[in-house]
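Quick note on labels: first sequence line is chain A, next is B, and so on, each numbered from 1.
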Amino acid sequence: MVEGRAPMAGPRRPKGSDTSWPRVILHVDMDAFFASVEVLDDPRLSGRPVVVGGTGPRGVVAACTYEARVFGVRSAMPMAEARRRCPGAVVLPGRHARYAEVSAALHACFHRATPLVEGIGLDEAFLDVTGARRNGADGRELAESLRARVADELGLRCSVGVGRSKLVSKLASVKAKPTVVDGHVQPGPGVVVVAPEEEAGFLRPLPVRALWGVGPATERRLERLGVQTVADVADLPAGVLERVVGPTTGRLLAALAAGDDPRPVVPDRPAKSVGHEETFARDVVDTEVLHRRLVRLVDAATRSLRRTGRSARTVTVKVRYGDFTQVTRARTLPEPADTPQQLGAVAAALLDEVAGTGQGVRLLGVSLSALAAADRARQLRLAFDVAAAGEGDGAGAAAPGARSALAAPEAWSAVAAAVDDIRTRFGDGSVVPATLTGPDGGGARHRGEAQWGPSGGSAGRSGGRDG
DNA sequence: TCTGGGGTCCTACTGCAC
DNA sequence: TCTGGTGCAGTAGGACCC
Ligand SMILES: [Mg+2]
């Protein structure tokens, strides 16, 4: 905006008529989210360095309290290093289901401010409050009251950035956060507003890394051009930038550096893929072991798929070898499918293309994409079977035709639906694939079982689940 | 005892249709 | 030096985000 408008024209201009605020975007970001939830649920942890993440040999830090940050602990840091830096830390494995629950309550708070809420992960969200503001309050007032409400109702702190765009509000929320200043925690302002006329002064001194889409690799390439700050990017000739990072990213970056970010706040983005992956405590060479793990991963992925009432055409298998090189193999089916039997067969074939080379495998993953709504007959059958099971007609949800069950893949959809239902009511361990009931079997995988790395022990695993 | 697991998006390349 | 150019779908890799 080059409006050049004076900061404040009058004491009580009607709010919402200010054309230099075409939109008012809030970015809300929970402080140390997972770790704060743990402190909330166990107040004895208050004031202590708490680190949430993978507790096994290959775990990493997912979140940590500011008390832990004083010791140099950061998210994405290997847990081994975190323990080294902060031996007194309380290290917890994380409870995904609990965080999701708190996140839902958080979103309920957001929705009382505006229906235009776009969640990013579990702990942050953009809110377009342009309309809400026009009803009376200004951006700062909305941000302050939202923050107070979250503290009040959830007992958790958050930081809020207010700006004319996603870019600016997001960067403003960073400035609102607590900081560590030589060894102790400094509370942040909690809310930071960047008005349009302040944007250039706010953005230009920031490091390029602050821009959305600039990670370590791009930062390194820009560094070689002597580009360090947002101002450096903004002042770079367009051609140079596009040659270094590609035309699409180049144009995007140039726009962001100029403070130009028209991206709308979009509520309820449908997922484009679902998947599960697992890093083993030790590299796995045995192809049979890999296939058994694959069955669990497919089972988990298809369950996620059906839970959202969708089916998939593309199956991708991912393998990361011990030396961290990674390969993927994908196959797209002519028709969408949603059962472990159909998709598992494809996954197994893909795994055979990349396993058995003698190379140790560190990580195995399965992802399902090219998602479609599950076909109508299937959705109706699913609804019917769940209802029938609920009526106590014990035979209702079973038996896809004992004569030809294996020959009719779509019949397995009903079986899968029934299994999901049983798991919902009796727990995830109550039904597992037959191939997992041997000595190496154990319970089925489910979301959050191995969130930030293996839980310890050997690759085969048998005991030693944490909490 | 370095380097999660959930994703999105972009790019480059291939085979194929037109 | 030349069946060329283009568009599309599928595939693989990689950067990036929380
Ligand atoms: Mg956060």
(Q) Whole angstroms only, please: what is the CG-P distance between Leu252(A) and dC9(B)? (A) 12 Å
Q) Under 4.0 Å: is that the gap between some side-chain N or O of Lys272(A) and OP1 or OP2 of dG7(B)? A) no
Q | Integer-rounded Å distance: dG4(B) C1' and Phe324(A) CZ | A | 9 Å
Q: Based on the glycosidic angle (syn within 90° of 0, else anti), state the conformation of dC2(B).
A: syn
(Q) Anti or syn, where syn is a glycosidic angle within 90° of 0; which label fits dG4(B)? (A) syn
Q. CG of Leu363(A) versus C1' of dG5(B): gap in Å, rounded?
A. 9 Å
(Q) Considering every strand and a 4.0 Å limit on heavy-atom distances, what is the contact class for Arg320(A): base, sugar-phosphate, or nothing? (A) sugar-phosphate
Q. In residues 224-242 of chain A, what residues come within less than 4.0 Å of DNA chain C, judged by heavy atoms?
A. none
**Q.** Contact nearer the 5' end of DNA chain C, comparing Arg313(A) with Thr328(A)
**A.** Arg313(A)
Q. Rounding to a whole Å, what distance do you find between Asp123(A):CG and dG7(B):P?
A. 17 Å
Q) So which heavy atom on Phe71(A) is nearest to which on Pro49(A), and how close? A) CE1-CG, 4.5 Å
Q: For DNA chain C, note the earliest and the latest nucleotide, 5' to 3', having some atom under 4.0 Å of a heavy atom belonging to chain A.
A: dG10(C) to dC18(C)
Q.
In the structure I gave you, are the side-chain heavy atoms of Leu364(A) and Lys318(A) within less than 4.5 Å of one another anywhere?
A. no
Q) Hey, which of these two, Val245(A) or Pro78(A), hits DNA chain B nearer its 5' end, going by closest nucleotide? A) Pro78(A)
Q: Write down the distance between CZ (Arg84(A)) and C1' (dT3(B)), rounded to a whole number of angstrom.
A: 12 Å
Q) So which nucleotide from dT8(B), dC10(B), dG4(B) ends up closest to the side chain of Thr248(A)? A) dC10(B)
Q: Provide, to the nearest angstrom, the distance between the CZ atom belonging to Arg303(A) and the P atom belonging to dG6(B).
A: 12 Å
Q | Geometric cation-pi criterion, Arg263(A) with Trp212(A): 6.0 Å, 45° | A | yes
Q) Just how far is it from atom CZ of Arg147(A) to atom CG of Leu142(A), taken to the nearest 0.5 Å? A) 15.0 Å
(Q) Regarding Val327(A), tell me which of base, sugar-phosphate or nothing describes its non-hydrogen contacts under 4.0 Å with the strands shown. (A) sugar-phosphate
Q. Base, sugar-phosphate, or nothing for Arg220(A), non-hydrogen atoms under 4.0 angstrom?
A. nothing
Q | First of Gly59(A) and Pro247(A) reached from the 5' end of DNA chain B, by closest nucleotide | A | Gly59(A)
Q) Looking at Tyr66(A), does the NZ or CZ of Arg69(A) lie under 6.0 angstrom from its six-membered ring centre and within 45 degrees of the ring axis? A) yes
Q | Arg98(A) and Asp41(A), any side-chain heavy atoms less than 4.5 Å apart | A | yes
Q. So what does Ser75(A) hit on the nucleic acid, given a heavy-atom distance under 4.0 Å: a base, only sugar-phosphate, or nothing?
A. nothing
Q: Would you please indicate if the ring centroids of Phe110(A) and His107(A) are separated by under 6.0 Å?
A: yes
Q) How far, in whole Å, is dT1(B) from dC18(C) if one measures between their P atoms? A) 31 Å
Q | Nucleotide of dT3(B), dC10(B), dG6(B) approaching Arg362(A) most closely (side-chain heavy atoms) | A | dT3(B)
Q: Could you check whether Ala62(A) gets within reach of a base, just the sugar-phosphate, or nothing at all, counting any heavy atom under 4.0 Å?
A: nothing
Q: With the side chain counted from C-beta on, respond yes when Met79(A) and Val60(A) share a heavy-atom pair under 4.5 Å apart, and no when they do not.
A: no
Q: Could you check how far NZ of Lys318(A) sits from C1' of dT8(B), rounded to whole Å?
A: 12 Å
Q. Rounded to whole angstroms, how far apart are CZ on Arg282(A) and P on dT3(B)?
A. 14 Å
Q: Identify the heavy atoms of Arg23(A) and Asp261(A) that sit nearest to each other, and give their distance.
A: NH2-O, 3.2 Å
Q: Starting at NE2 of His276(A), measure out to CG of Leu368(A) and round the result to the nearest 0.5 Å.
A: 9.0 Å
**Q.** His276(A) side chain near dG6(B) phosphate (N/O to OP1/OP2, under 4.0 Å)
**A.** yes
Q. Is Arg58(A) touching bases, backbone alone, or none of the nucleic acid, heavy atoms closer than 4.0 Å?
A. sugar-phosphate
Q) Closer to the 5' end of DNA chain C via nearest nucleotide, is it Ala210(A) or Thr314(A)? A) Thr314(A)
Q. What heavy-atom pair brings Ser173(A) and Asp29(A) nearest, and what distance separates the two atoms?
A. OG-CB, 4.3 Å
**Q.** dG4(B) and dA15(C), which share atom name P, separated by this distance in whole Å
**A.** 16 Å
